[in-house]
Participant: 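To start, I am sharing the structure in question, which I have written as structure tokens.
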Amino acid sequence: MLGLDKKHTKLLLFVAGLVIFAPFLLNPFPADSGLAQFNAGYPDLMQRFVIFAIFAIGFNILFGLTGYLSFGHAAFLGVGSYAAMWMMKLLTMNIIPAIIVSVAIAGLFALLVGWISLRRSGIYFSILTLAFAQMSYSLAYSVLTPITGGETGLQPKLADPRILDGALAEGASPKANLFGLEMGSSFEWEVGAWLFTFNVGFYVAGAAMLAAFYLAIRIFNSPFGMMLRAIKSNQQRLNYTGLNARPYTLAAFVVSGMYAGLAGGLMVAMDTQVGAERMFWTASGEVVLMTILGGAGTLIGPVLGAGMIKYMENIMSKINETILHQWFAFLPDGLENILVALVYPFIGKGWHLTLGLMFMLVVIFLPGGLVEGGQRIAGLFKRKKPTTNTPDGTTTPAE
């Protein structure tokens, strides 16, 4: 299907199923139960799942295939966000022009950064990308304030020209839309004690994520992808064959930057405001964690890693001492207080500690990330092939 073999077609359909049925999969507990706080099926978080999955998929094309570790990819996320915002302020609140321009501008900026940074490799390349990201953040935060809005950021205003849009009614506010269909529109379906929310913005971002995932599959299985793997395997040996690796690494860098620009444009489309904090170095580090945690060099790994980190950031961080006391209320008071004291440092504001421990365990025991963990679990349930007896009494594996 769509030029994919059977294995990758199944993978694409699996990811499509996750997106389509996300409102059900992310709301497993009744709305009135004590476990409802673990539900993640609300629009803002579901949008973040797919948008940061796009960001991580693009980063994986660079890091997973070529081995070049960039600490500056948040710069392209931020540049794409600002480009999309200016399209909404100057042209239209329709998200299509905003997303197209965000991808194009991020790609051009990635071309400039990559052309300079790829003159070095290893840790020197990583430091150069980090320097570009921090310079971009500083420019956006304090120097280019007429363009970026500085520390207050940018958002659409009634006074913006928006030459393709009609005049807004008095008191109305500009809202991102897809040919009139607002991104914030939602439909709620109540089934018994469960409440499922179907959000327009999530499915638009989900469709973009599926397209990005499909393109990543094609890149991974193309001659271009094979060349990138050769660069990661042994670039020096590749150079000895007479092939110049730099155009390929630059192309991978630009494609990766365009993915980040797409994620930045979608972030603006879902939440029409943008600030310089999106370009800070911690955002670049976050996408590195997503890729490694899920499985660098794998197709679905970045999607799983992005979902895991965003879930912990938005769900685990909301658990406080009051909730813990409710959980352990059936225990004697002394034991209840001890358990609360032991568990609390790993949740709430301390969720980063849990993430750090999880990351350490993955790096040490599962270098292939969550994908490798899933493969090991699946391997436990695979039955060994039966054997058959030959006429001379020996056994041979069954066909």
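In this chain, residues are counted from 1 in sequence order. Side chains included, hydrogens not; waters and symmetry mates left out as well; all remaining heavy atoms used.
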Participant: Over 60° means perpendicular and under 30° means parallel, so classify the ring planes of Phe21 and Phe24, tilted if in between.
Facilitator: tilted
Participant: With side chains defined as the heavy atoms from C-beta onward, is the minimum distance between Glu286 and Phe52 less than 4.5 Å?
Facilitator: yes
Participant: Is the His73 ring parallel, tilted or perpendicular to the Phe55 ring (thresholds 30°, 60°)?
Facilitator: parallel
Participant: Quick check on Trp327: does its CH2 atom have over 12 non-hydrogen neighbours (other residues, nucleotides or ligands) under 6.0 Å away?
Facilitator: yes
Participant: Is it the case that atom CD in Glu151 sees more than 12 heavy atoms from other parts of the structure closer than 6.0 Å?
Facilitator: no
Participant: Tell me whether the rings of Tyr311 and Phe49 are parallel (<30°), tilted (30 to 60°) or perpendicular (>60°).
Facilitator: parallel
Participant: Is the number of heavy atoms from other residues, nucleotides or ligands within 6.0 Å of NZ (Lys10) greater than 12?
Facilitator: no
Participant: Atom CZ of residue position Phe132 - does it have more than 12 heavy atoms of other residues, nucleotides or ligands inside 6.0 Å?
Facilitator: yes
Participant: Just wondering, are more than 12 heavy atoms of other shown residues or ligands nearer than 6.0 Å to CE in Met308?
Facilitator: no
Participant: Would you say Tyr68 and Gln235 are linked by a side-chain donor-acceptor pair, where the criterion is simply a distance under 3.5 Å?
Facilitator: yes
Participant: Do Ile96 and Phe179 make a side-chain contact, defined as non-hydrogen atoms from C-beta onward lying under 4.5 Å apart?
Facilitator: yes
Participant: Over all heavy atoms of both residues, which pair between Val340 and Glu321 is shortest? Give the atoms and the distance, please.
Facilitator: CG1-OE2, 4.3 Å
Participant: Are the side chains of Met88 and Pro174 in contact, using a 4.5 Å heavy-atom criterion?
Facilitator: no
Participant: If you count every heavy atom of other residues, nucleotides or ligands that lies below 6.0 Å from Phe14 atom CZ, does the total exceed 12?
Facilitator: no
